Visitor: 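Next up is a structure, given as structure tokens.
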Amino acid sequence: MEFASHMDRALHQARLAAGRGEVPVGAVLIAPDGSVLSEAGNRTRESCDPTAHAEILAIREACALLGQERLAGHDLYVTLEPCPMCAAAISFARIRRLYYGAADPKSGGVAHGARVFTHPQCHHAPEVYDGLAEAESAALLRAFFEARRG
């Protein structure tokens, strides 16, 4: 099967999140057959829920649709390096591959900070591919935070 990136859909979800006043992060969960199973953008402010990150929402929706708590064989595309909470959820869901755009040196949990997948307590670590649409993902975040400061 030929690789097809789904970062464009994740970026669309990030833009929608920004339009709602949320930090612009988007996630898309892909089924083993390559179809889009779920997609989401951050909704922490809208939902008054600190766990309503794009990754968590996409995982919840996919699990509910499939009626199971594991997503073995599924791939997740995210515009920003997942935080430790989201990295743990990705591990618990047994997601096969994680693709993300911008690195998050301040709050990341994959390549920075907690590095959840490297711990012996981590029962499952997905294959990780970083830097997909990195410039566009980072630009969305930069513009969002600059507008807040300005």
Side-chain angles (χ1 to χ4, degrees), residues 1-20 22-47 49-141 144:
M1 184 194 309
E2 187 176 311
F3 174 75
S5 175
H6 295 274
M7 284 301 286
D8 57 334
R9 292 183 80 116
L11 284 162
H12 175 70
Q13 288 297 322
R15 286 186 205 96
L16 292 174
R20 294 189 302 271
E22 302 280 354
V23 174
V25 177
V28 179
L29 207 117
I30 306 300
D33 68 2
S35 64
V36 174
L37 186 56
S38 63
E39 53 192 321
N42 276 357
R43 291 186 179 272
T44 59
R45 291 185 174 123
E46 177 183 313
S47 301
D49 178 358
T51 69
H53 290 197
E55 303 94 317
I56 299 292
L57 296 174
I59 290 169
R60 284 178 185 161
E61 182 181 346
C63 288
L65 287 169
L66 297 174
Q68 61 193 41
E69 77 280 9
R70 302 271 167 85
L71 299 169
H74 293 70
D75 299 339
L76 183 65
Y77 289 79
V78 189
T79 58
L80 180 64
E81 175 184 349
C83 72
M85 173 186 70
C86 292
I90 289 164
S91 175
F92 293 150
R94 306 298 197 263
I95 289 172
R96 174 179 57 181
R97 292 186 197 110
L98 167 65
Y99 299 91
Y100 69 85
D104 190 353
K106 180 181 166 213
S107 301
V110 176
H112 299 90
R115 297 181 183 174
V116 171
F117 303 139
T118 65
H119 287 268
Q121 295 86 354
C122 181
H123 296 293
H124 169 79
E127 294 175 34
V128 177
Y129 301 90
D130 62 349
L132 274 74
E134 182 175 13
E136 193 169 354
S137 297
L140 267 174
L141 288 157
F144 177 81

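Residues: numbered from 1 along the sequence shown. The shown structure was predicted, so the numbers you read here are calculated from the model rather than taken from an experiment. Reckoned from all heavy atoms, side chains included, excluding hydrogens, waters and symmetry mates.
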Visitor: Heavy-atom distance under 4.5 Å between the side chains of Arg97 and Pro126, does that happen here?
Guide: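 A side-chain contact is absent here, since even the closest heavy-atom pair is not under 4.5 Å.
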Visitor: Can you give me the closest heavy-atom contact between His124 and Ser91, atom names plus distance?
Guide: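 Closest heavy-atom pair between His124 and Ser91: O-OG, 2.7 Å.
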Visitor: Could you give the distance from CZ (Arg70) to CZ (Phe92), rounded to the nearest 0.5 Å?
Guide: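 Arg70 atom CZ to Phe92 atom CZ measures 10.0 Å (nearest 0.5 Å).
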Visitor: Do Arg96 and His74 have side chains that get closer than 4.5 Å, going by heavy atoms?
Guide: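 Side chain of Arg96 against side chain of His74, heavy atoms only: no contact under 4.5 Å found.
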Visitor: Would Leu29 and Ile95 count as a side chain to side chain contact (heavy atoms under 4.5 Å, CB included) here? Give the steps.
Guide: CA-CA 9 Å; Leu29 207 117; Ile95 289 172; 3.9 Å; yes
Visitor: Between His6 and Glu39, is there a side-chain heavy-atom distance shorter than 4.5 Å?
Guide: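 No; the side chains remain at least 4.5 Å from each other.
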Visitor: Between Gln68 and Cys63, is there a side-chain heavy-atom distance shorter than 4.5 Å?
Guide: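 No. Closest side-chain heavy atoms not under 4.5 Å.
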Visitor: Please name the residue in the list Leu11, Leu132, Leu80, Val25 that meets the side chain to side chain contact (heavy atoms under 4.5 Å, CB included) test with Ser137.
Guide: Leu11
Visitor: Heavy atoms only: give me the nearest Glu61-Leu37 pair and the separation to one decimal.
Guide: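 The answer is OE2-O, 4.4 Å.
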Visitor: Report yes or no: does Thr79 contribute a side-chain atom to a donor-acceptor pair with the main-chain N or O of Gly26 at less than 3.5 Å?
Guide: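 Judged by distance alone, yes, a pair lies under 3.5 Å.
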Visitor: Using atom types as modelled and distance alone, determine if a side-chain donor or acceptor of His119 lies under 3.5 Å from a backbone N or O of Phe117.
Guide: no
Visitor: Parallel, tilted or perpendicular: which describes the rings of Tyr99 and Tyr129, with under 30° parallel and over 60° perpendicular?
Guide: parallel
Visitor: Using a distance-only test with no angle check, is there a side-chain donor-acceptor pair under 3.5 angstrom linking Thr51 and Arg60?
Guide: yes
Visitor: Mind running side chain to side chain contact (heavy atoms under 4.5 Å, CB included) on Asp104 and His112 for me, showing each step along the way?
Guide: CA-CA 7 Å; Asp104 190 353; His112 299 90; 5.6 Å; no
Visitor: Show the nearest heavy-atom pair for residues Ser38 and Ala62, with the distance to one decimal.
Guide: OG-CB, 3.7 Å
Visitor: Do side-chain atoms of Glu22 reach the backbone of Arg45 as a donor and acceptor pair under 3.5 angstrom?
Guide: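 Yes, the answer is positive, given that a donor and an acceptor are paired below the 3.5 Å cut-off.
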Visitor: Counting C-beta onward and ignoring hydrogens, is there a side-chain heavy-atom pair between Ile59 and Leu71 closer than 4.5 Å?
Guide: yes
Visitor: Identify the heavy atoms of Ala17 and Val23 that sit nearest to each other, and give their distance.
Guide: CB-O, 3.9 Å
Visitor: Using side-chain hydrogen bond (donor to acceptor under 3.5 Å, both in side chains) as the criterion, list what pairs up with Thr118, not counting sequence neighbours.
Guide: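 If we apply the side-chain hydrogen bond (donor to acceptor under 3.5 Å, both in side chains) test to Thr118, skipping adjacent residues, there are no hits.
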Visitor: Between Met7 and Gly101, which heavy-atom pair has the shortest distance, and what is it?
Guide: CE-N, 3.8 Å
Visitor: Could you report the tightest heavy-atom contact between Gly109 and Ala87, atom names first, then the distance?
Guide: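 That closest heavy-atom pairing would be O-CB, 4.0 Å.
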Visitor: Hey, mind stepping through Ile30 and Leu76 against side chain to side chain contact (heavy atoms under 4.5 Å, CB included) and telling me if it holds?
Guide: CA-CA 6 Å; Ile30 306 300; Leu76 183 65; over 6 Å; no
Visitor: Without swapping roles, check the side chain of Glu46 against the backbone of Arg20 for a donor-acceptor pair under 3.5 Å.
Guide: no
Visitor: Is there a donor in the side chain of Asn42 and an acceptor in the side chain of Thr44, or the other way round, less than 3.5 Å apart?
Guide: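 Judged by distance alone, the side chains do not pair up.
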Visitor: If we only count heavy atoms from C-beta on, is the Leu16 to His12 side-chain gap below 4.5 Å?
Guide: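 Answer yes - side chains close enough.
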Visitor: State, with a plain yes or no, whether a side-chain heavy atom of Asp49 is found less than 4.5 Å away from one of Arg43.
Guide: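 Contact flag for Asp49/Arg43 side chains = no.
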Visitor: I need the Tyr100 OH to Glu81 CD distance, nearest 0.5 Å.
Guide: 4.0 Å
